[in-house]
Amino acid sequence: MAAGLPLSIGHAIAGALAALILGTLAAVAWVAGGLSGLTEWDLRAVWFTLWQAALSATLSAALAVPVARALARRRFRGRGLLVTLLGAPFILPVIVAVLGLIAIFGRNGALNGALEALGLPAIGIYGWQGVILAHVFFNLPLSVRLILQGWQAIPAERFRLAASLDFAPRDIARHLERPMLRGVLPGVWLAVFLVCLTSFTVALALGGGPRATTVELAIYQAFRFDFDLGRAAALGMVQIALCIAAAALAARITVPAGFGAGLDASGGPPAPGGWRRLADAAVIAAAAAFLLAPLISVAATGLPRLTALPPEVWQATRRSVVMAVISALLCAGAALALALTIARGGARWVEAAGMLPLIASPLVLGTGLFILLRGTVTPQQMALPVTALINAAMALPFALRALVPAARALEQDYGQLAASLDLQGCARLRLLVLPRLARPLGFGAGLAAALAMGDLGVITLFAGDRPTLPLMLYQLMNGYRMADAAACALLLMGLSLGLFWMFDRGGRRDA
(Lines give C-alpha, C1' and ligand atoms only; values in the text may rest on other atoms or scores of the structure.)
Protein backbone atom coordinates (compact mmCIF):
# COMPACT_ATOMS: atom_id res chain seq x y z
CA MET A 1 0.00 0.00 0.00
CA ALA A 2 1.32 3.46 -0.87
CA ALA A 3 0.44 5.51 2.17
CA GLY A 4 -3.17 4.41 2.00
CA LEU A 5 -3.49 4.11 -1.77
CA PRO A 6 -2.37 1.14 -3.86
CA LEU A 7 0.67 1.87 -6.00
CA SER A 8 -1.35 0.68 -8.98
CA ILE A 9 -3.68 3.68 -8.65
CA GLY A 10 -0.78 6.09 -9.03
CA HIS A 11 0.57 4.12 -11.98
CA ALA A 12 -2.88 4.03 -13.59
CA ILE A 13 -3.32 7.80 -13.22
CA ALA A 14 0.18 8.42 -14.57
CA GLY A 15 -0.58 6.18 -17.54
CA ALA A 16 -3.90 7.91 -18.18
CA LEU A 17 -2.24 11.32 -18.01
CA ALA A 18 0.53 10.24 -20.38
CA ALA A 19 -2.09 8.86 -22.77
CA LEU A 20 -4.06 12.13 -22.59
CA ILE A 21 -1.07 14.36 -23.29
CA LEU A 22 0.88 12.18 -25.70
CA GLY A 23 -2.27 10.87 -27.40
CA THR A 24 -3.57 14.34 -28.16
CA LEU A 25 -0.13 15.49 -29.30
CA ALA A 26 0.11 12.43 -31.55
CA ALA A 27 -3.28 13.26 -33.05
CA VAL A 28 -2.11 16.80 -33.70
CA ALA A 29 1.11 15.51 -35.29
CA TRP A 30 -0.82 13.03 -37.47
CA VAL A 31 -3.22 15.64 -38.83
CA ALA A 32 -0.45 18.21 -39.24
CA GLY A 33 1.39 16.00 -41.73
CA GLY A 34 4.41 18.28 -41.63
CA LEU A 35 4.70 22.05 -41.71
CA SER A 36 4.14 22.61 -45.41
CA GLY A 37 0.62 23.95 -44.79
CA LEU A 38 1.85 26.98 -42.89
CA THR A 39 1.29 30.32 -44.58
CA GLU A 40 3.40 33.46 -44.59
CA TRP A 41 1.15 34.93 -41.87
CA ASP A 42 1.68 31.83 -39.73
CA LEU A 43 5.44 32.31 -39.94
CA ARG A 44 4.95 35.95 -38.96
CA ALA A 45 2.93 34.73 -35.96
CA VAL A 46 5.85 32.51 -34.95
CA TRP A 47 8.24 35.45 -35.25
CA PHE A 48 5.92 37.76 -33.30
CA THR A 49 5.51 35.11 -30.58
CA LEU A 50 9.27 34.85 -30.10
CA TRP A 51 9.80 38.61 -30.35
CA GLN A 52 7.09 39.61 -27.89
CA ALA A 53 8.11 36.88 -25.43
CA ALA A 54 11.74 38.03 -25.52
CA LEU A 55 10.84 41.72 -25.14
CA SER A 56 8.27 41.00 -22.39
CA ALA A 57 10.79 38.89 -20.48
CA THR A 58 13.52 41.53 -20.84
CA LEU A 59 11.30 44.38 -19.65
CA SER A 60 9.81 42.34 -16.79
CA ALA A 61 13.23 41.26 -15.50
CA ALA A 62 14.82 44.71 -15.94
CA LEU A 63 11.98 46.56 -14.20
CA ALA A 64 11.84 43.97 -11.42
CA VAL A 65 15.45 44.54 -10.31
CA PRO A 66 14.99 48.01 -8.73
CA VAL A 67 11.64 46.98 -7.20
CA ALA A 68 13.11 43.83 -5.64
CA ARG A 69 16.15 45.76 -4.40
CA ALA A 70 13.93 48.40 -2.80
CA LEU A 71 11.77 45.77 -1.09
CA ALA A 72 14.86 43.86 0.06
CA ARG A 73 16.46 46.81 1.84
CA ARG A 74 13.40 48.71 3.12
CA ARG A 75 11.10 47.87 6.02
CA PHE A 76 7.76 49.68 6.24
CA ARG A 77 4.21 49.12 7.41
CA GLY A 78 2.31 47.02 4.91
CA ARG A 79 5.44 45.58 3.30
CA GLY A 80 4.38 41.98 4.01
CA LEU A 81 0.94 42.60 2.50
CA LEU A 82 2.49 44.19 -0.58
CA VAL A 83 4.84 41.25 -1.10
CA THR A 84 1.87 38.89 -0.72
CA LEU A 85 -0.15 40.88 -3.26
CA LEU A 86 2.69 40.47 -5.73
CA GLY A 87 1.63 36.82 -6.00
CA ALA A 88 -2.01 37.66 -6.82
CA PRO A 89 -1.62 38.15 -10.61
CA PHE A 90 -0.68 34.46 -10.92
CA ILE A 91 -4.24 33.41 -9.96
CA LEU A 92 -5.94 36.54 -11.30
CA PRO A 93 -8.06 35.83 -14.41
CA VAL A 94 -6.19 37.25 -17.39
CA ILE A 95 -9.30 38.75 -18.96
CA VAL A 96 -9.99 40.72 -15.75
CA ALA A 97 -6.54 42.28 -15.83
CA VAL A 98 -6.95 43.07 -19.54
CA LEU A 99 -10.16 44.95 -18.79
CA GLY A 100 -8.40 46.84 -16.00
CA LEU A 101 -5.54 47.80 -18.30
CA ILE A 102 -8.02 49.06 -20.88
CA ALA A 103 -9.66 51.17 -18.16
CA ILE A 104 -6.31 52.83 -17.41
CA PHE A 105 -4.47 52.83 -20.75
CA GLY A 106 -7.33 52.48 -23.26
CA ARG A 107 -8.70 55.12 -25.61
CA ASN A 108 -11.11 56.44 -22.96
CA GLY A 109 -8.90 55.44 -20.03
CA ALA A 110 -7.57 57.53 -17.20
CA LEU A 111 -4.10 58.00 -18.72
CA ASN A 112 -5.36 59.23 -22.08
CA GLY A 113 -7.77 61.54 -20.26
CA ALA A 114 -4.83 63.10 -18.43
CA LEU A 115 -2.80 63.36 -21.66
CA GLU A 116 -5.71 65.04 -23.42
CA ALA A 117 -6.05 67.55 -20.59
CA LEU A 118 -2.36 68.38 -21.03
CA GLY A 119 -2.73 68.74 -24.80
CA LEU A 120 -0.58 65.68 -25.49
CA PRO A 121 -1.32 62.94 -28.06
CA ALA A 122 -3.15 59.84 -26.89
CA ILE A 123 -1.53 56.41 -26.70
CA GLY A 124 -2.98 53.16 -28.02
CA ILE A 125 -3.26 49.87 -26.18
CA TYR A 126 -4.30 47.66 -29.10
CA GLY A 127 -1.47 46.01 -31.00
CA TRP A 128 1.97 44.85 -29.99
CA GLN A 129 2.28 47.57 -27.34
CA GLY A 130 -0.82 46.32 -25.54
CA VAL A 131 0.44 42.73 -25.61
CA ILE A 132 3.78 43.78 -24.12
CA LEU A 133 2.11 45.99 -21.49
CA ALA A 134 -0.19 43.19 -20.35
CA HIS A 135 2.65 40.67 -20.19
CA VAL A 136 4.75 43.03 -18.09
CA PHE A 137 1.74 43.56 -15.80
CA PHE A 138 1.42 39.83 -15.21
CA ASN A 139 5.09 38.93 -15.07
CA LEU A 140 6.59 41.88 -13.20
CA PRO A 141 5.26 40.52 -9.86
CA LEU A 142 6.60 37.04 -10.63
CA SER A 143 10.00 38.50 -11.53
CA VAL A 144 10.07 40.63 -8.37
CA ARG A 145 9.29 37.63 -6.17
CA LEU A 146 12.00 35.49 -7.77
CA ILE A 147 14.66 38.22 -7.65
CA LEU A 148 13.68 39.14 -4.08
CA GLN A 149 14.36 35.54 -3.10
CA GLY A 150 17.83 35.97 -4.59
CA TRP A 151 18.51 39.00 -2.39
CA GLN A 152 17.18 37.17 0.68
CA ALA A 153 19.41 34.17 -0.10
CA ILE A 154 22.59 36.23 0.33
CA PRO A 155 23.81 35.35 3.86
CA ALA A 156 23.52 38.24 6.30
CA GLU A 157 27.17 37.70 7.25
CA ARG A 158 28.18 38.96 3.81
CA PHE A 159 26.39 42.25 4.40
CA ARG A 160 27.83 42.56 7.91
CA LEU A 161 31.31 41.95 6.50
CA ALA A 162 30.67 44.60 3.85
CA ALA A 163 29.62 47.04 6.57
CA SER A 164 32.77 46.31 8.59
CA LEU A 165 34.85 47.02 5.48
CA ASP A 166 32.97 50.32 5.05
CA PHE A 167 31.57 49.32 1.66
CA ALA A 168 29.59 52.02 -0.14
CA PRO A 169 26.35 51.03 -1.91
CA ARG A 170 28.19 50.79 -5.23
CA ASP A 171 30.73 48.38 -3.66
CA ILE A 172 27.93 46.19 -2.29
CA ALA A 173 26.35 46.20 -5.74
CA ARG A 174 29.63 45.20 -7.37
CA HIS A 175 30.69 42.41 -4.98
CA LEU A 176 27.37 40.98 -3.74
CA GLU A 177 24.35 42.08 -5.72
CA ARG A 178 25.60 41.80 -9.28
CA PRO A 179 26.99 38.26 -8.81
CA MET A 180 23.62 37.25 -7.37
CA LEU A 181 21.78 38.82 -10.29
CA ARG A 182 24.03 37.04 -12.81
CA GLY A 183 22.89 33.78 -11.28
CA VAL A 184 19.20 34.65 -10.85
CA LEU A 185 18.27 36.79 -13.85
CA PRO A 186 18.75 34.15 -16.59
CA GLY A 187 16.28 31.83 -14.84
CA VAL A 188 13.82 34.69 -14.27
CA TRP A 189 14.07 35.77 -17.90
CA LEU A 190 13.47 32.26 -19.18
CA ALA A 191 10.54 31.67 -16.82
CA VAL A 192 8.78 34.79 -18.12
CA PHE A 193 9.74 33.94 -21.70
CA LEU A 194 8.14 30.51 -21.37
CA VAL A 195 4.94 32.00 -19.92
CA CYS A 196 4.69 34.52 -22.76
CA LEU A 197 5.23 31.86 -25.42
CA THR A 198 1.80 30.42 -24.65
CA SER A 199 -0.02 33.76 -24.55
CA PHE A 200 -3.58 33.54 -25.85
CA THR A 201 -6.06 35.68 -23.92
CA VAL A 202 -3.84 38.76 -24.01
CA ALA A 203 -3.31 38.46 -27.76
CA LEU A 204 -7.01 37.71 -28.33
CA ALA A 205 -8.13 40.83 -26.46
CA LEU A 206 -5.33 43.27 -27.27
CA GLY A 207 -3.50 41.85 -30.30
CA GLY A 208 -5.12 44.13 -32.78
CA GLY A 209 -4.75 42.26 -36.05
CA PRO A 210 -2.43 39.90 -37.93
CA ARG A 211 0.70 41.90 -37.10
CA ALA A 212 0.19 41.16 -33.39
CA THR A 213 -0.88 37.50 -33.54
CA THR A 214 0.75 34.82 -31.43
CA VAL A 215 0.94 31.14 -32.37
CA GLU A 216 -1.80 30.35 -29.84
CA LEU A 217 -4.09 32.93 -31.39
CA ALA A 218 -3.27 31.65 -34.87
CA ILE A 219 -4.29 28.13 -33.75
CA TYR A 220 -7.61 29.52 -32.51
CA GLN A 221 -8.22 31.41 -35.75
CA ALA A 222 -7.38 28.39 -37.92
CA PHE A 223 -9.65 26.18 -35.82
CA ARG A 224 -12.57 28.48 -35.08
CA PHE A 225 -12.86 30.67 -38.18
CA ASP A 226 -11.29 28.65 -40.99
CA PHE A 227 -11.85 25.16 -39.53
CA ASP A 228 -8.52 24.20 -41.06
CA LEU A 229 -7.51 21.37 -38.74
CA GLY A 230 -4.32 20.62 -40.66
CA ARG A 231 -3.06 24.17 -40.31
CA ALA A 232 -4.14 24.36 -36.67
CA ALA A 233 -2.32 21.09 -36.00
CA ALA A 234 0.83 22.30 -37.77
CA LEU A 235 0.81 25.45 -35.63
CA GLY A 236 0.31 23.24 -32.61
CA MET A 237 3.46 21.31 -33.49
CA VAL A 238 5.38 24.59 -33.75
CA GLN A 239 4.07 25.64 -30.34
CA ILE A 240 5.12 22.33 -28.77
CA ALA A 241 8.60 22.66 -30.24
CA LEU A 242 8.94 26.19 -28.87
CA CYS A 243 7.83 25.14 -25.36
CA ILE A 244 10.16 22.12 -25.27
CA ALA A 245 13.13 24.17 -26.46
CA ALA A 246 12.49 26.94 -23.91
CA ALA A 247 11.97 24.44 -21.06
CA ALA A 248 15.18 22.57 -21.96
CA LEU A 249 17.11 25.83 -22.08
CA ALA A 250 15.68 26.95 -18.74
CA ALA A 251 16.88 23.74 -17.12
CA ARG A 252 20.49 24.35 -18.18
CA ILE A 253 21.24 28.05 -18.19
CA THR A 254 20.96 29.29 -14.58
CA VAL A 255 24.37 29.79 -12.92
CA PRO A 256 24.70 29.86 -9.10
CA ALA A 257 26.10 33.01 -7.52
CA GLY A 258 28.45 31.05 -5.26
CA PHE A 259 28.08 32.90 -1.95
CA GLY A 260 28.28 29.77 0.18
CA ALA A 261 26.36 29.09 3.37
CA GLY A 262 25.74 31.42 6.27
CA LEU A 263 24.37 31.22 9.77
CA ASP A 264 21.34 33.29 8.86
CA ALA A 265 19.98 34.93 5.72
CA SER A 266 17.39 37.19 7.29
CA GLY A 267 19.43 40.33 7.76
CA GLY A 268 19.05 41.69 4.23
CA PRO A 269 21.10 44.40 2.56
CA PRO A 270 21.73 47.73 4.30
CA ALA A 271 19.25 50.56 3.75
CA PRO A 272 21.17 53.61 2.49
CA GLY A 273 19.69 57.03 3.14
CA GLY A 274 19.65 60.24 1.11
CA TRP A 275 18.42 60.16 -2.46
CA ARG A 276 18.46 56.36 -2.49
CA ARG A 277 15.73 56.29 0.17
CA LEU A 278 13.57 58.55 -1.99
CA ALA A 279 14.36 56.49 -5.09
CA ASP A 280 13.35 53.25 -3.36
CA ALA A 281 10.11 54.81 -2.14
CA ALA A 282 9.32 56.08 -5.64
CA VAL A 283 10.04 52.69 -7.22
CA ILE A 284 7.82 50.82 -4.73
CA ALA A 285 5.01 53.37 -5.12
CA ALA A 286 5.18 53.24 -8.93
CA ALA A 287 5.11 49.42 -8.98
CA ALA A 288 2.18 49.31 -6.55
CA ALA A 289 0.24 51.88 -8.59
CA PHE A 290 0.93 50.03 -11.85
CA LEU A 291 -0.29 46.73 -10.41
CA LEU A 292 -3.22 47.93 -8.29
CA ALA A 293 -4.70 50.81 -10.31
CA PRO A 294 -6.26 48.56 -13.03
CA LEU A 295 -7.88 46.32 -10.43
CA ILE A 296 -9.18 49.27 -8.40
CA SER A 297 -10.62 50.75 -11.59
CA VAL A 298 -12.47 47.52 -12.40
CA ALA A 299 -13.86 47.33 -8.86
CA ALA A 300 -14.98 50.97 -8.84
CA THR A 301 -16.72 50.68 -12.22
CA GLY A 302 -18.23 47.26 -11.71
CA LEU A 303 -19.53 47.43 -8.16
CA PRO A 304 -22.58 49.66 -8.91
CA ARG A 305 -23.64 47.33 -11.77
CA LEU A 306 -23.11 44.05 -9.93
CA THR A 307 -26.75 43.53 -8.92
CA ALA A 308 -28.05 44.55 -12.37
CA LEU A 309 -26.20 41.93 -14.40
CA PRO A 310 -28.36 40.07 -16.94
CA PRO A 311 -29.51 36.47 -16.20
CA GLU A 312 -27.12 34.94 -18.75
CA VAL A 313 -24.16 36.17 -16.69
CA TRP A 314 -25.40 34.27 -13.63
CA GLN A 315 -25.96 31.16 -15.75
CA ALA A 316 -22.39 31.43 -17.01
CA THR A 317 -21.27 31.89 -13.40
CA ARG A 318 -22.87 28.60 -12.37
CA ARG A 319 -21.17 26.79 -15.24
CA SER A 320 -17.80 28.24 -14.35
CA VAL A 321 -18.07 27.44 -10.64
CA VAL A 322 -19.10 23.83 -11.33
CA MET A 323 -16.33 23.41 -13.89
CA ALA A 324 -13.73 24.96 -11.57
CA VAL A 325 -14.69 22.75 -8.61
CA ILE A 326 -14.59 19.63 -10.81
CA SER A 327 -11.16 20.65 -12.12
CA ALA A 328 -9.91 21.24 -8.58
CA LEU A 329 -11.12 17.84 -7.35
CA LEU A 330 -9.67 16.04 -10.38
CA CYS A 331 -6.35 17.81 -9.97
CA ALA A 332 -6.17 17.22 -6.21
CA GLY A 333 -7.05 13.53 -6.49
CA ALA A 334 -4.57 12.89 -9.29
CA ALA A 335 -1.81 14.89 -7.57
CA LEU A 336 -2.30 13.03 -4.29
CA ALA A 337 -2.13 9.60 -5.92
CA LEU A 338 0.93 10.54 -7.99
CA ALA A 339 2.74 12.18 -5.05
CA LEU A 340 2.22 9.17 -2.79
CA THR A 341 3.42 6.82 -5.52
CA ILE A 342 6.51 8.97 -6.13
CA ALA A 343 7.22 9.15 -2.38
CA ARG A 344 7.22 5.35 -2.13
CA GLY A 345 9.91 5.11 -4.80
CA GLY A 346 7.60 4.75 -7.77
CA ALA A 347 9.14 4.54 -11.22
CA ARG A 348 10.68 7.78 -12.46
CA TRP A 349 8.26 7.79 -15.38
CA VAL A 350 5.43 8.48 -12.93
CA GLU A 351 6.92 11.84 -11.96
CA ALA A 352 7.76 12.58 -15.59
CA ALA A 353 4.13 11.89 -16.53
CA GLY A 354 2.98 14.37 -13.91
CA MET A 355 5.10 17.08 -15.53
CA LEU A 356 4.04 16.32 -19.13
CA PRO A 357 1.39 19.09 -19.28
CA LEU A 358 4.24 21.63 -19.24
CA ILE A 359 5.20 20.72 -22.81
CA ALA A 360 1.79 21.51 -24.29
CA SER A 361 -0.61 24.42 -24.20
CA PRO A 362 -4.34 24.16 -23.47
CA LEU A 363 -5.27 25.10 -27.03
CA VAL A 364 -3.02 22.41 -28.49
CA LEU A 365 -4.55 19.79 -26.17
CA GLY A 366 -8.04 21.03 -27.01
CA THR A 367 -7.30 20.74 -30.71
CA GLY A 368 -6.01 17.20 -30.23
CA LEU A 369 -9.04 16.13 -28.21
CA PHE A 370 -11.36 17.58 -30.85
CA ILE A 371 -9.54 15.54 -33.51
CA LEU A 372 -9.83 12.36 -31.41
CA LEU A 373 -13.50 12.88 -30.45
CA ARG A 374 -14.73 14.28 -33.76
CA GLY A 375 -17.72 12.35 -35.04
CA THR A 376 -18.65 10.91 -31.63
CA VAL A 377 -19.82 14.04 -29.78
CA THR A 378 -20.59 17.60 -30.83
CA PRO A 379 -18.28 20.48 -29.86
CA GLN A 380 -20.97 21.88 -27.56
CA GLN A 381 -21.27 18.55 -25.73
CA MET A 382 -17.54 18.30 -25.12
CA ALA A 383 -17.05 21.98 -24.19
CA LEU A 384 -17.35 21.87 -20.39
CA PRO A 385 -15.98 18.32 -19.78
CA VAL A 386 -12.94 18.94 -21.98
CA THR A 387 -12.35 22.36 -20.39
CA ALA A 388 -12.51 20.88 -16.87
CA LEU A 389 -10.20 18.00 -17.80
CA ILE A 390 -7.57 20.14 -19.50
CA ASN A 391 -7.58 22.74 -16.74
CA ALA A 392 -7.05 19.98 -14.16
CA ALA A 393 -4.16 18.58 -16.21
CA MET A 394 -2.52 22.00 -16.68
CA ALA A 395 -2.63 22.72 -12.92
CA LEU A 396 -1.27 19.28 -12.01
CA PRO A 397 2.48 20.11 -12.27
CA PHE A 398 2.05 23.01 -9.83
CA ALA A 399 0.09 20.85 -7.39
CA LEU A 400 2.76 18.15 -7.62
CA ARG A 401 5.51 20.69 -6.86
CA ALA A 402 3.71 21.43 -3.58
CA LEU A 403 2.78 17.84 -2.70
CA VAL A 404 5.81 15.69 -3.58
CA PRO A 405 8.24 17.14 -0.98
CA ALA A 406 5.58 16.85 1.74
CA ALA A 407 4.72 13.28 0.69
CA ARG A 408 8.40 12.27 0.77
CA ALA A 409 8.78 13.78 4.25
CA LEU A 410 5.64 11.93 5.38
CA GLU A 411 6.95 8.61 4.14
CA GLN A 412 10.37 9.18 5.69
CA ASP A 413 9.01 10.25 9.09
CA TYR A 414 5.98 8.00 9.49
CA GLY A 415 6.19 5.25 6.88
CA GLN A 416 7.87 2.60 9.07
CA LEU A 417 5.72 3.47 12.10
CA ALA A 418 2.53 3.14 10.06
CA ALA A 419 3.73 -0.18 8.65
CA SER A 420 4.53 -1.50 12.14
CA LEU A 421 0.99 -0.59 13.25
CA ASP A 422 -0.45 -2.23 10.12
CA LEU A 423 -2.14 1.06 9.23
CA GLN A 424 -3.35 0.52 5.69
CA GLY A 425 -6.02 1.45 3.21
CA CYS A 426 -8.64 4.06 4.03
CA ALA A 427 -7.59 4.18 7.70
CA ARG A 428 -4.06 5.20 6.76
CA LEU A 429 -5.39 7.74 4.29
CA ARG A 430 -7.81 9.25 6.84
CA LEU A 431 -5.63 9.17 9.96
CA LEU A 432 -2.17 9.87 8.56
CA VAL A 433 -2.05 11.04 4.95
CA LEU A 434 -4.82 13.62 4.70
CA PRO A 435 -4.05 15.40 8.01
CA ARG A 436 -0.34 15.64 7.14
CA LEU A 437 -0.80 16.64 3.49
CA ALA A 438 -3.86 18.87 3.95
CA ARG A 439 -1.95 22.13 3.51
CA PRO A 440 -0.21 21.42 0.18
CA LEU A 441 -3.28 19.52 -1.05
CA GLY A 442 -5.55 22.47 -0.26
CA PHE A 443 -3.11 24.87 -1.92
CA GLY A 444 -2.95 22.74 -5.06
CA ALA A 445 -6.74 22.38 -5.25
CA GLY A 446 -7.22 26.11 -4.70
CA LEU A 447 -4.72 26.96 -7.40
CA ALA A 448 -6.43 24.58 -9.84
CA ALA A 449 -9.87 26.05 -9.03
CA ALA A 450 -8.69 29.64 -9.48
CA LEU A 451 -6.90 28.92 -12.76
CA ALA A 452 -9.90 26.99 -14.11
CA MET A 453 -12.34 29.69 -13.02
CA GLY A 454 -10.48 32.35 -14.98
CA ASP A 455 -9.51 30.28 -18.02
CA LEU A 456 -10.33 31.70 -21.44
CA GLY A 457 -8.60 29.17 -23.63
CA VAL A 458 -10.11 25.80 -24.43
CA ILE A 459 -13.68 27.01 -23.97
CA THR A 460 -13.27 29.41 -26.92
CA LEU A 461 -12.76 26.44 -29.25
CA PHE A 462 -15.96 24.61 -28.32
CA ALA A 463 -18.45 26.92 -26.64
CA GLY A 464 -21.65 27.69 -28.49
CA ASP A 465 -24.56 29.13 -26.55
CA ARG A 466 -23.22 27.98 -23.15
CA PRO A 467 -20.31 30.29 -22.34
CA THR A 468 -18.36 30.31 -19.11
CA LEU A 469 -17.96 33.51 -17.10
CA PRO A 470 -14.61 34.55 -18.68
CA LEU A 471 -16.05 34.01 -22.17
CA MET A 472 -19.16 35.99 -21.21
CA LEU A 473 -16.90 38.81 -20.01
CA TYR A 474 -15.04 38.79 -23.33
CA GLN A 475 -18.36 38.93 -25.20
CA LEU A 476 -19.50 41.90 -23.13
CA MET A 477 -16.22 43.68 -23.88
CA ASN A 478 -16.65 43.04 -27.61
CA GLY A 479 -20.19 44.44 -27.36
CA TYR A 480 -18.81 47.63 -25.75
CA ARG A 481 -20.95 47.02 -22.65
CA MET A 482 -18.07 48.13 -20.47
CA ALA A 483 -20.04 48.75 -17.26
CA ASP A 484 -21.52 45.23 -17.42
CA ALA A 485 -18.09 43.88 -18.36
CA ALA A 486 -16.54 45.56 -15.29
CA ALA A 487 -19.24 44.09 -13.03
CA CYS A 488 -18.69 40.67 -14.60
CA ALA A 489 -14.93 41.06 -14.11
CA LEU A 490 -15.43 41.99 -10.45
CA LEU A 491 -17.58 38.90 -9.98
CA LEU A 492 -15.03 36.70 -11.75
CA MET A 493 -12.15 38.12 -9.72
CA GLY A 494 -14.02 37.60 -6.45
CA LEU A 495 -14.99 34.03 -7.29
CA SER A 496 -11.46 33.10 -8.42
CA LEU A 497 -9.85 34.46 -5.26
CA GLY A 498 -12.70 33.06 -3.16
CA LEU A 499 -12.32 29.54 -4.52
CA PHE A 500 -8.58 29.67 -3.95
CA TRP A 501 -9.11 30.90 -0.38
CA MET A 502 -11.78 28.28 0.32
CA PHE A 503 -9.63 25.31 -0.71
CA ASP A 504 -6.41 26.71 0.73
CA ARG A 505 -8.07 27.67 4.00
CA GLY A 506 -9.72 24.27 4.21
CA GLY A 507 -6.33 22.61 3.96
CA ARG A 508 -4.89 24.84 6.67
CA ARG A 509 -7.84 24.25 8.99
CA ASP A 510 -7.64 20.48 8.68
CA ALA A 511 -3.87 20.35 9.08
Side-chain angles (χ1 to χ4, degrees), residues 45 47-68 85-116 120-145 188-189 191-217 283-299 301 454 456 470 473-474 477-478 482 485-486 489 493:
W47 166 249
F48 178 76
T49 299
L50 294 171
W51 176 82
Q52 61 83 23
L55 183 56
S56 298
T58 301
L59 289 175
S60 298
L63 293 174
V65 171
V67 180
L85 288 175
L86 289 177
F90 187 73
I91 59 174
L92 182 71
V94 176
I95 192 65
V96 173
V98 167
L99 181 62
L101 291 172
I102 292 174
I104 300 297
F105 299 97
R107 182 178 304 168
N108 298 316
L111 180 60
N112 276 327
L115 292 175
E116 182 180 358
L120 298 174
I123 62 172
I125 195 175
Y126 295 101
W128 66 266
Q129 63 271 28
V131 174
I132 301 299
L133 177 68
H135 284 161
V136 171
F137 175 85
F138 278 104
N139 294 296
L140 177 62
L142 172 64
S143 302
V144 170
R145 290 291 295 268
V188 172
W189 189 92
V192 176
F193 181 79
L194 185 57
V195 170
C196 295
L197 274 183
T198 56
S199 174
F200 170 70
T201 302
V202 168
L204 178 67
L206 299 176
R211 295 187 181 277
T213 296
T214 61
V215 174
E216 291 274 289
L217 184 55
V283 164
I284 293 172
F290 175 62
L291 296 173
L292 297 180
L295 305 184
I296 293 173
S297 176
V298 168
T301 306
L456 182 61
L473 169 56
Y474 176 68
M477 290 172 59
N478 274 353
M482 302 309 288
M493 182 167 55

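All of these numbers come straight from a predicted model, not from anything done at the bench.
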Problem set entry | From CA spacing to verdict: side-chain contact (heavy atoms from CB on, under 4.5 Å), Val96, Leu473 | CA-CA 8 Å; Val96 173; Leu473 169 56; 4.2 Å; yes
Problem set entry | Working for side-chain contact (heavy atoms from CB on, under 4.5 Å), residues Leu63 and Val67 | CA-CA 7 Å; Leu63 293 174; Val67 180; 5.9 Å; no
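- Taking the side chain as every heavy atom from C-beta outward, Met482 and Leu99 approach each other to under 4.5 Å.
- The minimum heavy-atom distance linking Pro141 with Leu291 is given by the pair CG-CD2, 3.7 Å.
- Contact between Gly100 and Val298 at its shortest, heavy atoms only, is CA-CG2, 3.4 Å.
- The aromatic rings of Phe193 and Trp189 sit parallel to each other, their planes meeting at less than 30°, with 60° as the upper class boundary.
- The shortest distance between side-chain heavy atoms of Pro470 and Pro93 does not fall below 4.5 Å.
- Nearest heavy-atom pair across Ser143 and Ala64 is CB-CB, 3.5 Å.
- Using a distance-only test at 3.5 Å, with no hydrogens or angles considered, no donor-acceptor pair links the side chain of Thr201 to the main chain of Ile95.
- In this structure, Leu295 and Leu92 have side chains that are in contact, with non-hydrogen atoms separated by less than 4.5 Å.
- With rounding to the nearest 0.5 Å, the separation of CG in Leu55 from CZ in Phe48 is 9.5 Å.
- Nearest approach of Ala485 to Met477, heavy atoms of both residues: CB-CG, 3.9 Å.
- Looking at heavy atoms from C-beta onward, Ile123 lies out of side-chain contact with Gln129 at the 4.5 angstrom threshold.
- Side-chain contact between Asn112 and Glu116 is absent, with no heavy atoms from C-beta onward closer than 4.5 Å.
- Proximity of a side-chain donor or acceptor of Ser297 to a complementary backbone N or O of Ala293 within less than 3.5 Å is not detected.
- The minimum heavy-atom distance linking Val136 with Ser56 is given by the pair CG2-O, 4.3 Å.
- Taking every heavy atom of both residues into account, Ala61 and Val188 meet most closely at CB-CG1, 4.4 Å.
- Counting heavy-atom neighbours within 6.0 Å of Trp47 CH2, excluding the residue itself, gives a total of 12 or less.
- Considering only heavy atoms from C-beta on, Val215 stays 4.5 Å or farther from Leu197 through its side chain.
- Looking at Phe138 and Val195, their side chains never come closer than 4.5 Å, going by heavy atoms from C-beta outward.
- Rounding to the nearest 0.5 Å gives a distance of 9.0 Å between OG1 of Thr49 and CG of Leu217.
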Problem set entry | Ile102 vs Tyr126, side-chain contact (heavy atoms from CB on, under 4.5 Å): CA-CA, chis, key distance, verdict | CA-CA 9 Å; Ile102 292 174; Tyr126 295 101; 3.6 Å; yes
For this session: Report the C-alpha distance between Phe290 and Leu133 in whole Å, list the side-chain angles of each, state the deciding distance to 0.1 Å, and finish with yes or no for side-chain contact (heavy atoms from CB on, under 4.5 Å).
Result: CA-CA 11 Å; Phe290 175 62; Leu133 177 68; 3.8 Å; yes
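- The backbone N or O of Cys196 sits less than 3.5 Å from a side-chain atom of Gln52, completing a donor-acceptor pair.
- For the pair His135/Ser60, no side-chain contact is recorded, criterion being any heavy-atom separation below 4.5 Å from C-beta on.
- In this structure, the separation between CG on Asn139 and CG on Leu59 is 11.0 Å, given to the nearest 0.5 Å.
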